[in-house]
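Each chain gets a letter, A, B and so on, in the order the sequences are listed, and its residues count up from 1.
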Amino acid sequence: MVIIIYAKKLFGAIIYRNLYSCSTSDICNSSPVWEFFNKSPRRVKLHICDSYSKVHLALEQESQGRPRENVPYRKQAKHENTYEAVGSFCHKNSICTKPTKFILCTVLNSCAKTVNWQLGLQIHAYMVQSGHEENLFLSSALVDFYAKCDAIMDARKVFDEMKVRDQVSWTSFIVGLSQNRQRRDALSMFKEMLGSQIKPNCFTYVGVITASAGLKEAFELGLSLHSHVIKFGFNTNSFVVSSLIDCYAKWGSIGHAVLLFDEIHERDVILYNSMISGYSQNLCGKGALKLFMEMRNKNLSPTDYTFTSILNACGSLTVLFQGRQVHSLVIKMGSERNVFVNSALIDMYSKCGDVNGSCCIFDQTCEKNNVLWTSMITAYAQSGRGSDALKLFEHLLTEEGFVPDHICFTAVLTACNHAGLLDKGIEYFNKMRTTYGLFPDVDQCACLVDLFARNGELRKAKDLMEKMPYDPNYVMLSSFLSSCNIHGEVELGREAAKQLIQLNPCNDAPYLILAHIYARSGLWTEVAEVRKLIQQRGIRNHSGWSWVEVDRAVMSS
DNA sequence: TTAGGGTTAG
């Protein structure tokens, strides 16, 4: 109807595509426009078959409101209202001869921000048709558009074909890779950029620091990025600093994050949010609460991000009174409809022992989603109400069309653990793969190991640890060792303790639990050996496990 | 006319 991509006898086939006659999903599911461009760009003909005013009308119908034609299109695009921006774009072009590269760029920018795939494709098509294909600004905007629409392969094609690149095009692609969960590729691309003529700017550093956040192997790179930031004077840029704070916090280096935060005197809300979230992630709840108070004293309004992090901190500290105060503030600030905040509230109330509070939040939330449902199942599971958790889970599966993910299954298996339902737990664990196509990750395996171990099925727990494609982690082995102690399993306990000591040689718990296991079985020589080993290695008592019971057993023997 | 920071469940 409006723009037809029409290629005659292309590789012997007649290919006809009418973008406007297709729905967005049709276009997404059809062969990409790229196929035409790549095979024979010059043979592809794009015809504008109708006036842009018809586009205007079509979009107007979709947008459920008339575009405000008196507002400049550029300003509208900045306000992230594609329909209005496009409305102005179309209106302008129904009276002009053709859209300029500036207009195309602005509309493409708006398409990227609002993920308007259909229109963005047409702008790309028009770029080819109108000879703007190699324009640096438009190509950069196109890279950004494809990346924001999760079409990173298309973004890469645009980027690779660019003859000239600048800081923006490099940064757009690096950030695009990062946002498309290809963070390692983003870091590689940054290294490639360093070898080019184009030098990174603060935008690039924000992108690459964000990409390296949470990647353990990128810690060294993170340190050198921090050095670069200082060297080039970006260490006062709040965007750069907040990304660095987040990075250090995710690496567990909360001290580095605090040093960075303290160096900034003009702190905006996002900097506070980064630091509060950093404290919260590193279980420094008191630091988070202190900073939250400081933020309030400076009359900075908390955002949904602030509430989510501070509620998380309240939950970790199990401070119900402060949690309720934050809840009041959430209502006052109008954040009670945010799904992140509500999930955090459910979590906070359950961790503070008030699972009825969690139920109230859950019931009052109108628009529930998978995250919220999982939060409530987790709240029940962690509060020892395993049967309620399973009841809710089954209800959601049958009544709400709920599709559980890995995290939900962790909650469900935890619930089975609390309810002592071994068979049910095995059934859900198997259903993960057979019904939902989810391969259990280390967390669900840990739940099942725990379930087996608590029910005295230590050999099955051991088999699972050996067969699963992950190394058993510390929590899993600790739980297994505790069960070995309860059920008096000497050989399995000895092996688990050995693995735990290898993972963390400074922790006294595995030694002491092993001593308890030996004492229960009357293996006094082995008890003495463990005691000697602890002394030789200078291991201090931190865990809370003591020798009192072991000594009592030795004495009574 | 193009690019950037902070949030949830185990």
Base, sugar-phosphate, or nothing for A:N369, non-hydrogen atoms under 4.0 angstrom? nothing
Atom CD1 of A:I377 to atom P of B:dG10: distance rounded to whole Å? 12 Å
Which part of the nucleic acid, if any, lies within contact of A:S375, taking any heavy atom under 4.0 Å across all strands shown: a base, the sugar-phosphate backbone alone, or nothing? sugar-phosphate
Considering just the side-chain nitrogens and oxygens of A:Q382, establish if one lies under 4.0 Å of OP1 or OP2 belonging to B:dG10. yes
Close aromatic pair by centroid cut-off 6.0 Å: A:F159 and A:W170: yes
Out of B:dG4, B:dT2, B:dT7, minimum distance to the side chain of A:F340 belongs to B:dT7
What's the closest nucleotide to the A:L271 side chain, out of B:dT2, B:dG5, B:dA9? B:dG5
When all nucleic acid strands are considered with a 4.0 Å heavy-atom cut-off, which category describes A:N338: base, sugar-phosphate, or nothing? nothing
Under-4.0 Å side-chain N/O to phosphate OP1/OP2 contact, A:K351 with B:dT8: no
Testing B:dG10, B:dG5, B:dT2 for proximity to the side chain of A:D166, the answer is B:dT2
Take atom CG of A:N135 and atom P of B:dA3, then tell me their distance rounded to the nearest Å. 14 Å
May I ask you to evaluate whether A:N109 reaches the phosphate of B:dA3, defined as a side-chain N or O under 4.0 Å from OP1 or OP2? yes
Whether the side chain of A:S242 and the base of B:dG5 hold a donor-acceptor pair under 3.5 Å is what I'd like checked. yes
Listed nucleotide nearest any side-chain atom of A:Y305, set B:dG5, B:dG10, B:dT7: B:dT7
Taken to the nearest whole Å, CG/A:D304 to P/B:dT7 is 13 Å
Quick check for you: among B:dG4, B:dA9, B:dT1, whose closest atom lies nearest to any side-chain atom of A:C105? B:dT1
Any side-chain heavy-atom pair of A:Y146 and A:R156 under 4.5 Å: no
Grab the CG-C1' distance between A:D441 and B:dG10 for me, whole Å please. 9 Å
What nucleic acid atoms does A:S139 come within less than 4.0 Å of, heavy atoms only: base, sugar-phosphate, or nothing? nothing
By the 4.0 Å heavy-atom rule, please label A:C202 as base, sugar-phosphate, or nothing. base
Examine the side chains of A:T306 and A:T303 and answer whether a donor and an acceptor come within less than 3.5 Å of each other. yes
Protein-nucleotide distance (A:I174, atom CD1; B:dT2, atom C1'), rounded to Å: 15 Å
Go through the N and O atoms of the side chain of A:D268 and the base of B:dG5, and report whether any donor-acceptor pair is under 3.5 Å. yes
Within this structure, what is the OH-to-C1' distance between A:Y248 and B:dG5, rounded to whole angstrom? 16 Å
Nearest-angstrom distance from the residue atom CD1 of A:I198 to C1' of B:dA3: 14 Å
Just wondering, are more than 12 heavy atoms of other shown residues or ligands nearer than 6.0 Å to NZ in A:K199? yes
Sugar-phosphate only, base, or nothing, as touched by A:S238 at under 4.0 Å among non-hydrogen atoms: base
Please confirm whether the shortest side-chain N or O distance from A:S277 to OP1 or OP2 of B:dT7 is below 4.0 Å. yes
Show which side-chain atoms of residues 323-334 of chain A pair as donor or acceptor with protein atoms under 3.5 Å away, not counting sequence neighbours.
residue : atom : partner : partner atom : Å
A:R324  : NH2  : A:D354  : OD2          : 3.1
A:H327  : ND1  : A:Y349  : OH           : 2.7
A:S328  : OG   : A:R324  : O            : 3.1

Please determine which of A:T414, A:N417, A:N455 meets the side chain to side chain donor-acceptor pair (under 3.5 Å) test together with A:D450. A:N417
Does a distance-only test, which skips hydrogens and angles, find a donor-acceptor pair under 3.5 Å between the side chain of A:N201 and the base of B:dG4? no
Quick one: is B:dT2 close enough that its OP1 or OP2 comes under 4.0 Å of any side-chain N or O from A:K113? no
If you only use heavy atoms from C-beta on, which nucleotide in B:dA9, B:dA3, B:dT1 is closest to the side chain of A:T378? B:dA9
Taking only the side-chain nitrogens and oxygens of A:Q281, find out if one of them lies under 4.0 Å from OP1 or OP2 of B:dT7. yes
Give one of base, sugar-phosphate or nothing for A:I346, where a contact means two heavy atoms less than 4.0 Å apart. nothing
Contacts table for residues 225-234 of chain A: side-chain donor-acceptor under 3.5 angstrom, sequence neighbours left out:
residue : atom : partner : partner atom : Å
A:H226  : ND1  : A:Y248  : OH           : 2.8
A:S227  : OG   : A:L223  : O            : 3.0
A:H228  : ND1  : A:Y205  : OH           : 2.9

Answer with base, sugar-phosphate or nothing: what part of the nucleic acid does A:S274 contact at a heavy-atom distance below 4.0 Å? sugar-phosphate
Can A:F102 be called stacked on B:dT1 when the rule is centres closer than 5.5 Å and an angle between planes below 30°? no
B:dA9, B:dA3, B:dG5: which one has an atom nearest the side-chain heavy atoms of A:Q179? B:dG5
Ignoring the backbone of A:I407, work out which of B:dT1, B:dG10, B:dG5 is nearest its side chain. B:dG10
Separation of B:dT1 C1' from A:D144 CG (nearest whole Å): 13 Å
For the residue pair A:Y428 and A:Q444, establish whether any side-chain heavy-atom pair is separated by less than 4.5 Å. no
Base, sugar-phosphate, or nothing: which does A:S140 touch, judged by heavy atoms less than 4.0 Å apart? base
